[in-house]
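Count residues from 1 along the sequence.
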Amino acid sequence: MIDLKFPDGAVRQYPAGSTARDVATSISPSLAKKAVLAELNGEQRDMGRVLETGGDFRLIMRDDPEALYTIRHDTAHVLAEAVQTLFPGTQVTIGPAIEDGFYYDFYREEPFSTDDFAAIEKEMARIVDRDAKFEREVWDRDEAIVFFEARGEKFKAELIKDLPENETITLYKQGDWIDLCRGPHFPSTRHVGKAFKLTKLAGAYWRGDSKREQLQRIYGTAWATKEDLDAYLQRLEEAEKRDHRRVGKAMELFHMQEEGRGMVFWHPKGWVLWRVLEAYMRRRLDAAGYVEVKTPQVLDRKFWEASGHWDKYRPNMFVCETVEGETLSLKPMNCPGHVQIFDQGQRSYRELPLRMAEFGACHRYEPSGSLHGLMRVRGFTQDDAHIFCREDQIVEETAEFIKLCRSVHADLGMETAYISLGTRPEQRAGTDEFWDKAEAQMLEAARAAGSEPVVTPGDGAFYAPKLDFIVKDAIGREWTCGTIQLDYVLPERLDATYIAEDGQKHRPVMLHRAILGSFERFIGIMIENYAGAFPLWLAPVQAVVATITSDADDYAREVMDRFKAAGLRTEIDLRNEKVGYKVREHSVGKVPVIAVVGRKEAEEGKVAIRRLGSQEQTVVTVEEAIRLLTDEATPPDLRRSLAAV
């Protein structure tokens, strides 16, 4: 007999060899029909799988949140069967569930097309209707290899060969179709439902190796209900409209090209946005007691070996050799350079905490296939800082940073949704006692700042735990922006010390922290959050003075000059075009204010103010327009400072 403990605390005995379905049936036949998965001691399992041992047990229904992953996993299997049915000779590789959906990688000589999606989806629906059982089978390793090789499935055979010797080889059948898989799966294809849609095609390399076979990846999304699917597709459509690459081009902010993969060409308007953001961040750091530094772009290999980055990050570093035999690298991060500044001269405990900031330009090699506009680049600038402090200052410094980070994100239009606490990874430096202490310190700091972090086991840095800040944008997407990481290791490696009150040398603790992450990525997120319609203080062009008729040209120039003198970023449009055309064109460029002037406005000393997205206009004097717009264009940190005076 085995003992199963249910969520309500009740413990019941069942015969050895019972399945989750047997347990559900013993409670209620209707429950057995509704349950799609079981959880035994925290592990999800098929309903038909034998319960080898007792323990904590619960049943999962299809509409439970935990079932969504399996809906997507099962849909990936249904996709793979549909593709092999419609396109004989196609080999399957892997097909995991991912955030918001799933994908499956296929090997086929001829390319797929999105035009194939309708036929594939129709076949997938037929497979769902067939209601074939998902059946788990345990196979002998060698037999499984022979089986897949005989079917021409070399990728599956390779996967099995590379599995650990003690790994149980499991295959899942759905009717006559079979795939290598760990599971679990629902009882049958019927439970997958039809709330799925194929979304896009992409290329991929087998096992991520550019020297291996080129695969074709079909992405899809799957949800528990049609309503959930429709809501997601609507969000996807909105996200497409907000794509920072599309909006950035329309606003003439930046471009990227093949000759500089992963590098950004900032246009004048984009660089204005950058400078406004940088000036804001510099003011916030100055007010928070940071000192700003600048460290070299290129350093000798020996430096990176000493810091430990050469062994860990070498594949992602841009390395060059000089005629003198030096091996140099562009810096992939700023932290070791900051330790060098800390190490110059003798530091006293009275100097701590020392908050050292740098808008540091870094370079990291990213495979070309992973590059994505501003979101994933090879050259980037971090809003980086490192806090050198005593151990007794960790909690207070971390709590103060949390408050600063939340405030900055709010000023930039994105509230912090939650903070995650990344705990010890499997491969890590330090003892368990160290990790117990460090994790407790980060948890205490988060609570001191009024936050209860969401624990993400194993997500810490290899040297210490970290707190990550997750923000939500205007359409509900989550982005990781901002982090603080506790580091005892780098000060040890680079021999950083300070003289404590006892007159002895001690190691400082190093807090790695960033608020934006990188300027490039954060600007990309801001573009998508605002859909390019920035608040006035951030807008690259805050106002355009546009004429109705050419006899108002001189007055328009006067208005522009007065706007500029008041500090407003202003352009002028004197083209011989209808004012409606001008308004539409500048609306595409997301200019927040258009000041329209004609003969009447020139005679009365007024302007007609039109706001982005509005058909209405407000006629005011130039003085009143300047007063209203300059007040609105004041950055939020300066507004707070003025209010405090």
Quiz item: Are more than 12 heavy atoms from other residues, nucleotides or ligands located less than 6.0 Å from atom CZ of Arg275?
Solution: no
Quiz item: Does Glu358 pair with Lys331 as a salt bridge, N-O distance under 4.0 Å?
Solution: yes
Quiz item: Between Lys156 and Val92, is there a donor-acceptor pair closer than 3.5 Å when you use the side chain of the first and the backbone of the second?
Solution: no
Self-check item: Non-hydrogen side-chain atoms of Pro332 and Tyr365 separated by less than 4.5 Å
Solution: no
Quiz item: When you look at Met256 and Arg245, which way does the side-chain contact (heavy atoms from CB on, under 4.5 Å) test go after all the steps?
Solution: CA-CA 9 Å; Met256 306 180 84; Arg245 296 166 297 180; over 6 Å; no
Quiz item: Would you find a donor on one side and an acceptor on the other, under 3.5 Å apart, between the side chain of Asp105 and the backbone of Tyr107?
Solution: no
Self-check item: Arg569 side chain to Ala539 backbone, donor-acceptor under 3.5 Å
Solution: yes
Quiz item: Would Asp116 and Leu86 count as a side-chain contact (heavy atoms from CB on, under 4.5 Å) if you check the C-alpha gap in whole Å, the side-chain angles of each, and the deciding distance to 0.1 Å?
Solution: CA-CA 10 Å; Asp116 298 322; Leu86 295 173; over 6 Å; no
Quiz prompt | Glu149/Lys161 salt bridge by N-O under 4.0 Å criterion | solution = yes
Self-check item: Within 6.0 Å of NZ in Lys197, more than 12 heavy atoms from elsewhere
Solution: no
Quiz item: Of all heavy-atom pairs between Gly379 and Val377, which one has the smallest distance, and what is that distance?
Solution: O-CG2, 3.3 Å
Quiz item: Taking everything shown except Lys472 itself, do over 12 heavy atoms lie less than 6.0 Å from its NZ?
Solution: no
Quiz item: CG of Leu277 to CD1 of Ile523: how many Å apart, nearest 0.5 Å?
Solution: 5.5 Å
Practice problem: Determine, using ring centers only, whether Phe102 and Tyr104 are less than 6.0 Å apart. | Solution: no
Quiz item: Between the side chain of Arg493 and the main-chain N/O of Ala306, is any donor-acceptor distance below 3.5 Å?
Solution: yes
Quiz item: Can you tell me how far the CZ atom of Arg217 sits from the OH atom of Tyr103, to the nearest 0.5 Å?
Solution: 4.0 Å
Exercise. Grab the two heavy atoms, one from Pro336 and one from His309, that are nearest each other, plus how far apart they are.
Key: CG-CE1, 3.4 Å
Quiz item: Given Asp487, which of Lys466, His512, His386 fulfils the side-chain hydrogen bond (donor to acceptor under 3.5 Å, both in side chains) condition?
Solution: His512
Quiz item: Where is the tightest heavy-atom contact between Gly248 and Phe254, given as atom of each residue plus distance?
Solution: CA-CE2, 3.9 Å
Quiz prompt | Nearest-0.5 Å distance, OG1 of residue Thr221 to CZ of residue Arg72 | solution = 5.5 Å
Exercise. Run the ring-centre check on Tyr280 versus Trp537 and record whether the distance is less than 6.0 Å.
Key: yes
Quiz item: Taking 4.0 angstrom as the limit, do Glu121 and Lys194 come out as a salt bridge?
Solution: no
Identify all side-chain donor-acceptor contacts of residues 261-268 below 3.5 Å with residues at least two apart in sequence or on another chain.
residue : atom : partner : partner atom : Å
Arg261  : NE   : Glu258  : OE2          : 2.6
Arg261  : NH2  : Glu258  : OE2          : 2.4
His267  : NE2  : His255  : ND1          : 2.8

Exercise. Could you tell me whether the side chain of Ser518 and the main chain of Thr381 form a donor-acceptor pair under 3.5 Å?
Key: no
Self-check item: Spatial distance of atom CZ (Arg378) from atom CZ (Arg364) [nearest 0.5 Å]
Solution: 14.0 Å
Quiz item: Ignoring hydrogens and geometry, is there a side-chain-to-backbone donor-acceptor pair from Asp243 to Glu240 under 3.5 Å?
Solution: no
Self-check item: Over 12 non-hydrogen atoms of neighbours within 6.0 angstrom of CZ in Phe112
Solution: yes
Quiz prompt | Asn529 side chain to Ala474 backbone, donor-acceptor under 3.5 Å | solution = yes
Practice problem: Looking only at non-hydrogen atoms, find the nearest pair between Phe469 and Thr483 and report the distance. | Solution: CD1-N, 3.9 Å
Quiz item: Are Glu153 and Gln84 close enough that a side-chain donor and a side-chain acceptor fall under 3.5 Å?
Solution: yes
Practice problem: Could you tell me how the ring of His77 sits relative to the ring of His73: parallel (under 30°), tilted (30 to 60°) or perpendicular (over 60°)? | Solution: perpendicular
Quiz item: Can you name the nearest heavy-atom pair linking Tyr290 to Met356, along with the distance?
Solution: CD2-N, 4.3 Å
Practice problem: With side-chain contact (heavy atoms from CB on, under 4.5 Å) as the test, would you mind laying out the steps for Thr327 and Glu321 before giving the verdict? | Solution: CA-CA 5 Å; Thr327 301; Glu321 293 185 355; 3.9 Å; yes
Self-check item: Distance, nearest 0.5 Å, that separates OG1 of Thr456 from CD1 of Ile470
Solution: 7.5 Å
Self-check item: Partner set under side-chain hydrogen bond (donor to acceptor under 3.5 Å, both in side chains) for Glu238, not counting sequence neighbours
Solution: Arg242
Practice problem: Would you mind reporting whether Leu629 and Gln542 have side-chain heavy atoms less than 4.5 Å apart? | Solution: no
Quiz item: Crowded around Lys302 NZ? As in, over 12 foreign heavy atoms under 6.0 Å?
Solution: no
Quiz item: Can Arg611 and Glu632 be counted as an ion pair, charged N to O under 4.0 angstrom?
Solution: yes
Quiz item: Can you find a pair of side-chain heavy atoms, one from Leu201 and one from Phe117, that are under 4.5 Å apart?
Solution: yes
Quiz prompt | Over 12 foreign heavy atoms within 6.0 Å of CG, Asp209 | solution = yes
Quiz item: Any donor-acceptor pair under 3.5 Å linking the side chain of Glu366 with the backbone of Leu371?
Solution: no
Quiz prompt | CD (Glu577) with more than 12 external heavy atoms under 6.0 Å | solution = yes
Quiz item: Rounded to the nearest 0.5 Å, what separation is found between the CG atom of Leu516 and the CD atom of Glu278?
Solution: 10.5 Å
Practice problem: Give a yes-or-no answer on whether the side chains of Gln340 and Thr295 include a donor-acceptor pair shorter than 3.5 Å. | Solution: no
Quiz prompt | Atom CD of Glu99: over 12 foreign heavy atoms under 6.0 Å | solution = no
Quiz item: Between the side chain of Asp384 and the main-chain N/O of Phe359, is any donor-acceptor distance below 3.5 Å?
Solution: no
Practice problem: Of all the heavy-atom pairs spanning Ala533 and Leu612, show the shortest one and how long it is. | Solution: CB-CD2, 3.7 Å
Quiz item: So, is the end of the Arg314 side chain (NZ or CZ) under 6.0 Å from the ring centre of Trp310 and within 45° of the ring's axis?
Solution: yes
Practice problem: Tell me, please, which residues at least two apart from Glu158 pass salt bridge (Lys or Arg N to Asp or Glu O under 4.0 Å). | Solution: Arg207, Arg212
